[in-house]
Structure formats: structure tokens, C-alpha cells
Amino acid sequence: MVGDKVADIVVRYDGLTADEGRLDLYEASESLEGLTRIINVVVHAYVNNNEVRERLNSPVGAETYFTGAKKGCFETSLEVSFGEDAVNRIKPSVIVPNFWDYLTCSVAAAVGRDHEPWSPMVRKILAKEDAVFEQIAEEIEGPLQKLHRPIKTKGAELITFARPKAGDIFSLDRHTLSYVSVLEQADVLENWTGNVTKYNSLSGVGRMYVDQMGHTLPFKITRFKENEIAHKAAAASLLERVNEEGGKRKIVGFAVRNSLGNIKKIIVQEINQFF
């Protein structure tokens with residue numbers, strides 16, 4: 001597949017031994033395994049109406065490849081070849097730039113960074129309340145930890161995703177490593193107040209504004225399929241917020257903290273009416 005159907009991705013490792021064009025074999029294999037999973041999950045969601053699959057070897061509607069590595073710093077290249085159906089639906093003129101915006105937004109959500117989308121397609125997705133990028137972030141969190149492996153073991157200082165002829169798009173560093181490096185989930189239940197701002201009713205993944213934090217945090221309802229009360233409460237909170245009726249709730253759950261000790265996610269046990 002050629003032309004507008006192909007998105008080329010350059011992933012560059014900079015600093016330390018990477019500047020010599022070398023990475024420890026085990027660390028590199030861990031990193032590339034994470035990279036493979038991230039790209040396949042995001043590509044599949046991009047060409048399949050934001051469908052996120054937990055078990056996925058290869059995307060449906062596109063093909064992904066590793067291509068020949070370049071010399072210099074440690075650099076590898078990937079190719080995403082979009083199928084005809086995806087090209088016709090998304091449009092040949094925008095399928096590649098829109099994909100880069102979609103990929104950037106997906107990774108930004110997973111590493112706790114803000115991203116202002118430049119494509120109408122991604123802006124439209126973000127404007128909805130169904131937590132598409134939060135769901136993708138949940139799925140690629142583990143692969144991102146593996147991708148960061150050379151940074152963790154001081155084989156590289158920076159991992160950069162670049163689009164050929166367009167330049168560097170985004171980079172990962174020790175700050176993003178700290179964000180995705182998760183300490184064990186707290187074993188003591190905590191209470192917060194807030195309201196749901198985004199919610200995916202098929203997965204129990206969403207985002208909520210937490211009063212005690214003063215900002216939004218991602219959440220996931222534990223035992224989602226059995227926890228019908230929390231599911232309905234999350235959906236009700238979102239609906240009330242959309243209708244400008246407040247939607248305030250009491251949230252009971254376990255905090256998940258990153259290596260800096262900051263809460264990065266809440267595993268929700270209960271969502272109760274706030275009086």
C-alpha cells in the first residue's frame with residue numbers, strides 16, 4: 001500500500017548508550033514489545049470507530065510493519081498501511097494527519113499530558129462524553145511501561161515519535177516514566193466527592209472531576225459487569241452534568257498512585273448519592 005494509505009512512524013531513542021546506536025538487547029526488546037502493542041491498539045481503534053480490544057495481535061482494517069532501522073542514534077521505523085475501507089471512510093487527504101493526532105491524543109491521555117488536537121475528527125471525539133481516549137489509555141498503560149524501559153535503565157534519556165518530513169511530534173522522558181510507573185493499588189478505601197465528566201458504558205472506564213483535587217482523574221469501575229449500581233450511578237451523574245443538573249456524587253474506591261506518590265487513577269467500588 002502506498003501514498004495516502006501509509007503512515008510512517010520514526011521512533012528515536014536519544015541520550016546515553018542510545019547515542020552510540022546501541023541499546024541493551026533485553027531492554028530494547030521490552031521497549032519494542034510495548035511499542036508494538038501501543039501502535040496496534042491505537043491503529044485498530046482509529047480505523048474501527050474507536051473500538052478498543054483487550055486481546056489483539058494485529059489491527060483489523062490496517063497492517064503494521066517494522067521497517068529498516070536507520071543508522072546514527074538508535075532509531076527504528078514503523079509503517080501503518082490503512083485498508084481501503086478505512087481510507088474511504090476517513091478520506092485519503094486526511095487519514096494520515098488525523099492518525100497522528102489520534103495517536104498523540106491517545107498517548108497523552110495515558111501519560112497524563114494535555115493535548116490540544118489539531119484535527120476536527122479528534123476534536124469531535126474529545127467533545128463527546130464516552131471516554132474514548134481514557135479507554136485507550138487504560139489499554140496501553142502496561143505497554144507504555146515497557147516502552148519506557150530504556151529510560152528506566154538509563155540506556156536512553158528520550159524516546160521521540162517523529163513523522164517523516166514533518167518533524168518530531170511528541171516525546172517520552174523520565175517525567176512520563178514516573179507517571180506510568182504505578183505503585184501498588186492502595187489497600188484502604190478512600191472517599192471523594194465529584195461528578196462524572198466522561199463515561200464509557202461498555203467498559204466502566206471514564207473520567208470524573210474530583211472536588212478534593214480540583215481537577216479531573218480517570219477512573220475504572222471494579223467488577224464492572226456485576227457492579228450494576230455503580231455503573232448506573234456513573235451514567236446518571238454524567239447525564240445530570242450534561243443537563244446542567246450538577247451530578248454530584250460520593251465516590252468510594254482505591255487510589256492508584258504513580259512513582260511520585262500522586263493519584264493517577266481511582267478504582268471505583270461505589271458511587272453514591274451526595275446529600
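Of the possible polar contacts, one joining the Asn258 side chain to the Gly261 backbone as a donor-acceptor pair under 3.5 Å is found. No side-chain donor-acceptor contact under 3.5 Å links Arg123 to the backbone of Glu116. Distance alone, capped at 3.5 Å, is enough to place a donor-acceptor pair between the Gln212 side chain and the Thr193 backbone. Between the Asn200 side chain and the Gly204 main chain, no donor and acceptor come within less than 3.5 Å of each other.
Between Arg223 and Glu270 there is no salt bridge, since no side-chain nitrogen of the basic residue lies less than 4.0 Å from a carboxylate oxygen of the acidic one. A salt bridge links Arg249 with Glu240: at least one charged nitrogen is closer than 4.0 Å to a carboxylate oxygen. Ion pairing between a basic and an acidic side chain is recognised when a charged N comes within 4.0 Å of a carboxylate O; Glu33 and Arg37 show no such pairing. Ion pairing of Lys5 with Asp85 is absent here, as no side-chain N (NZ or NE/NH1/NH2) approaches a carboxylate O to less than 4.0 Å. We find that Arg12 and Asp168 are joined by a salt bridge, their nearest charged nitrogen and carboxylate oxygen being less than 4.0 Å apart. Remark: Lys248 engages Asp211 in a salt bridge, criterion side-chain N to carboxylate O under 4.0 Å.
Between Tyr13 and Val11, the closest side-chain pair of non-hydrogen atoms falls below 4.5 Å. Contact annotation: the side chain of Gln269 approaches that of Leu189 to within less than 4.5 Å [non-hydrogen atoms, C-beta and beyond]. Taking the side chain as every heavy atom from C-beta outward, Trp192 and Val252 never approach each other to under 4.5 Å. A 4.5 Å side-chain heavy-atom check between Arg174 and Leu177 finds at least one atom pair inside the cut-off. The closest side-chain heavy-atom distance from Val43 to Phe99 is below 4.5 Å. Inter-residue side-chain proximity for Val10 and Pro164 is flagged as met; some heavy-atom pair is nearer than 4.5 Å. Taking 4.5 Å as the limit, some side-chain heavy atom of Ile159 sits within range of a side-chain heavy atom of Ile151. The closest side-chain heavy-atom distance from Pro59 to Thr64 is below 4.5 Å.
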Check the pair Arg113, Asp173 against salt bridge (Lys or Arg N to Asp or Glu O under 4.0 Å), reporting the backbone distance first and the verdict last. CA-CA 12 Å; Arg113 284 180 173 170; Asp173 52 26; 3.5 Å; yes
Check the pair Asp14 / Thr160 against side-chain contact (heavy atoms from CB on, under 4.5 Å), numbers first and verdict last. CA-CA 8 Å; Asp14 292 305; Thr160 300; 4.1 Å; yes
Just do the side-chain contact (heavy atoms from CB on, under 4.5 Å) check on Tyr65 and Glu63 with the steps written out, would you? CA-CA 7 Å; Tyr65 302 93; Glu63 299 171 352; 2.5 Å; yes
Hey, mind stepping through Ile263 and Val210 against side-chain contact (heavy atoms from CB on, under 4.5 Å) and telling me if it holds? CA-CA 11 Å; Ile263 298 178; Val210 180; over 6 Å; no
Would Phe161 and Thr104 count as a side-chain contact (heavy atoms from CB on, under 4.5 Å) here? Give the steps. CA-CA 9 Å; Phe161 284 66; Thr104 304; over 6 Å; no
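Hydrophobic cluster membership differs between Phe66 and Leu56, with clusters built from Ile, Leu, Val, Met, Phe, Trp and Tyr side chains linked at under 4.5 angstrom. By the rule that hydrophobic residues join a cluster once side-chain heavy atoms approach within less than 4.5 Å of another member, Val42 and Leu32 end up as members of one cluster. Cluster annotation: Val122 and Val94 are assigned to the same hydrophobic cluster (Ile/Leu/Val/Met/Phe/Trp/Tyr, side-chain heavy-atom contacts under 4.5 Å, transitive). Leu103 and Val60 end up in different hydrophobic clusters when Ile, Leu, Val, Met, Phe, Trp and Tyr side chains are linked at under 4.5 Å. Hydrophobic clustering places Val80 together with Ile38 (ILVMFWY residues linked when any side-chain heavy atoms are closer than 4.5 Å, directly or through intermediates).
Between the side chains of Ser77 and Glu79, no donor-acceptor pair is found at a separation under 3.5 Å. Remark: the Thr176 side chain and the His148 side chain contain an N/O donor-acceptor pair separated by less than 3.5 Å. Judged by distance alone, the side chains of Arg207 and Thr216 do bring a donor and an acceptor atom under 3.5 Å apart. Side chain to side chain, Asn50 and Tyr102 meet the donor-acceptor criterion of an N or O pair below 3.5 Å. Judged by distance alone, the side chains of Ser237 and Asn195 never bring a donor and an acceptor atom under 3.5 Å apart.
Going from atom SG of Cys105 over to atom CG of Asp114 covers 10.0 Å, rounded to the nearest 0.5 Å. Here the CG atom belonging to Asp24 is positioned 11.5 Å from the OG atom belonging to Ser31, to the nearest 0.5 angstrom. Rounding to the nearest 0.5 angstrom, the gap separating the CD1 atom in Ile9 from the CD1 atom in Ile39 is 4.0 Å. Within the model, atoms CG of Leu144 and CG of Leu172 stand 6.5 Å from one another, a figure rounded to the nearest 0.5 Å. Atom CG of Asp187 is separated from atom CZ of Phe254 by 7.5 Å, given to the nearest 0.5 angstrom. In this structure, Leu78 CG and Leu35 CG are separated by 5.0 Å, a value rounded to the nearest 0.5 Å.
Other residues, nucleotides and ligands contribute over 12 non-hydrogen atoms within 6.0 Å of the CD atom of Glu190.
Contact detail for Ala131 and Gly206: the closest heavy-atom pair is CB-CA, 3.9 Å. Between Ala234 and Ile221, the shortest heavy-atom contact is CB-CD1, 4.2 Å. Closest approach of Ser106 to Ile140, counting heavy atoms only: O-CD1, 4.0 Å. The two residues Thr17 and Leu23 come nearest to each other via the heavy atoms OG1-CD2, 4.2 Å. Closest approach of Ile95 to Ile90, counting heavy atoms only: CA-CG2, 3.9 Å. Nearest heavy-atom pair across Val6 and Ser81 is CG2-OG, 3.9 Å.
Residues His115 and Phe133 place their aromatic rings such that the two centres sit no closer than 6.0 Å. Between His231 and Phe224, the distance separating the two ring centers is shorter than 6.0 angstrom.
For the salt bridge (Lys or Arg N to Asp or Glu O under 4.0 Å) criterion with Glu27, the lone passing option out of Arg22, Lys152, Lys154, Arg149 is Arg149. The salt bridge (Lys or Arg N to Asp or Glu O under 4.0 Å) test with Glu141 singles out one residue from Lys264, Lys220, Lys146, and that residue is Lys264.
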